[in-house]
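Shown next, in structure tokens, is the structure this report addresses.
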2 protein chains.
Amino acid sequence: MLISTRGRYALRLLIDMAEHSGKDYIKLKDVAERQDISEKYLESIVKQLVTGHIIVGLRGKGGGYRLSKAPDEIVVGDIMRLMEGGLAPVACLENESFNCPRMGMCRTLNFWRGLDDVIHKYIDSYTIADFMRTDESGNDYVI
Amino acid sequence: MLISTRGRYALRLLIDMAEHSGKDYIKLKDVAERQDISEKYLESIVKQLVTGHIIVGLRGKGGGYRLSKAPDEIVVGDIMRLMEGGLAPVACLENESFNCPRMGMCRTLNFWRGLDDVIHKYIDSYTIADFMRTDESGNDYVI
DNA sequence: CTAAAAACCTATTAATATAGTATGTTAGTT
DNA sequence: AACTAACATACTATATTAATAGGTTTTTAG
């Protein structure tokens, strides 16, 4: 599994926030309810997004979260890399610490790099805006 | 991690077998040594490849394994799907049993399907022959 | 000024997958 | 008959995932 619940939930959360953004801050409780995701689990996801400067939190009564930039500036690839801590399809590409001794002579390394490329290219071609409802018909489907 | 050691090792094993194939059957012990992979662990991988009709085993002295078809007929995508048991990048696409209740209204499903597509398209564009050494210079690199 | 609300923080846990290891048994060759 | 190599089954340590639990801090509203 390349993408875990953290990445998927983060995406749904951000789309939800983008669609419900107005003057007020958005409460996690509301998102959790609408998206049917455990509020407590969402908290840990949201924390990461705050650290990554994707969203901003405001404490206290009347507080909540808001996006730190426009939906069309939030690249899905950035969210996934943030939430999953990298997105390497194979261990060889994950980090420096792996440091495979076969690196220099490996026949398959470039193949994996190519796979890594197509994945990042794809997810970097989408922003949160691409997932938002474009009309007011109440149509929840993206065709 | 989309691809585990099983998928990676299977690929290296098949490339190794393709390059060392002659009239004799290839012994697992030799592949394990050349590739520096535990022979016992390779056994479990090889078992899956036999079941999947990618390679054929011959018991007894002088036995071993051989490819069941030409290297350029062995598609890497088929190997990965066999070894990893599917290759879904997200749980939603994995199997019928997951059966997400949001399937019908999910805003992100098509995005994940697209990701799934680019992954399969990429790995299906390679065969074992693409990894084999083309000259006799002893050059182990694929540029 | 106090109570409520909401973000923020830290620790724990059940379940599952991964990457092997260990110990055999069966079949076929020399 | 001895040897070899595939084939088979069971076990294990470690890590990750997907949460849950229970609390603390900050801020606004009444």
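Chain A is the first sequence line, chain B the second, and so forth, proteins listed ahead of strands; every chain is numbered from 1.
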Identify, residue by residue, the members of residues 4-17 of chain B with a heavy atom below 4.0 Å from DNA chain C, and return them in order of residue number, or none. S4(B), T5(B), Y9(B)
Sequence neighbours left out, what pairs pass ring pair (Phe, Tyr, Trp, His ring centres under 6.0 Å) with at least one residue falling in residues 54-81 of chain A? none
Heavy-atom pair of closest approach, residues I15(A) and I128(A): CA-CG2, 4.0 Å
With I54(B) as partner, the option from L82(B), V46(B), V75(B) fulfilling side chain to side chain contact (heavy atoms under 4.5 Å, CB included) is L82(B)
Whole-Å gap separating C1' (dT18(C)) and OH (Y41(B)): 6 Å
Taking N or O atoms only and anything under 3.5 Å, show me the protein contacts with nucleotides 23-26 of chain C, one pair per line.
from: dT23(C); atom 1: O4; to: K40(B); atom 2: NZ; distance (Å): 2.6
from: dG24(C); atom 1: O6; to: K40(B); atom 2: NZ; distance (Å): 3.4

Can you list, in residue-number order, the parts of residues 22-33 of chain A that come under 4.0 Å of DNA chain D, counting heavy atoms only? none
Side-chain donor or acceptor of E39(B) paired with backbone N/O of L28(B) under 3.5 Å: no
Just verifying a value: how many Å separate T5(B) OG1 and L42(B) CG, rounded to the nearest 0.5 Å? 10.0 Å
If you check every side-chain atom of K61(A), which of dT4(D), dA8(D), dA4(C) has the closest atom? dA4(C)
Most 5' of M1(A) and G62(A) on DNA chain C, judged by nearest nucleotide: G62(A)
Value in whole Å for how far the P atom of dA6(D) lies from CD1 of I45(B): 14 Å
Just how far, in rounded Å, is P of dA5(C) from OH of Y65(A)? 17 Å
Rounded to the Å, how far apart are Q35(B) CD and dG20(C) C1'? 18 Å
For atom CD of Q48(A) and atom P of dA18(D), their distance in whole Å: 13 Å
Take the angle between the ring planes of Y126(B) and F131(B) and call it parallel below 30°, perpendicular above 60°, tilted in between. tilted
Is any NZ, NE, NH1 or NH2 atom of the basic residue among D16(B) and R107(A) found under 4.0 Å from an Asp or Glu carboxylate oxygen of the other? no
Please answer whether the main-chain N or O of T108(A) pairs with a side-chain N or O of R8(B) as donor and acceptor at a distance below 3.5 Å. no
Mind calculating the distance between CE (M83(B)) and C1' (dT18(C)) to the nearest angstrom? 13 Å
Could you pick out which residue, A91(B) or K47(B), lies toward the 5' side of DNA chain D when each is mapped onto its nearest nucleotide? K47(B)
Hey, any chance Y41(B) and L11(B) share a hydrophobic cluster, counting ILVMFWY side chains that come within less than 4.5 Å of each other, even indirectly? yes
Minimum heavy-atom separation for M83(B) to A10(B), with atom names? CG-CB, 3.6 Å
Tell me, which pairs form a salt bridge (Lys or Arg N to Asp or Glu O under 4.0 Å) where one or both residues lie in residues 60-74 of chain B, sequence neighbours left out? none
Going by an N to O cut-off under 4.0 Å, is there a salt bridge joining D124(A) and R81(A)? yes
Below 3.5 Å is the cut-off: list the nitrogen or oxygen pairs between protein and nucleotides 11-15 of chain D, distance only.
none

Using modelled atom types only, decide if a donor and an acceptor are shared between the side chain of E19(B) and the backbone of R133(B) within a distance under 3.5 Å. yes
Within less than 4.0 Å of OP1 or OP2 of dG20(C), is there a side-chain N or O belonging to S44(B)? no
Using heavy atoms to find the nearest nucleotide of DNA chain C for L58(B) and G64(A) separately, return the residue whose nucleotide is more 5′. G64(A)
In whole angstrom, give the distance that lies between atom CD of E39(B) and atom P of dC7(D). 13 Å
Less than 4.0 angstrom from a charged side-chain N to a carboxylate O is my criterion; do R113(B) and D116(B) meet it? no
dA18(D) C1' sits how many Å from L42(A) CG, rounded? 12 Å
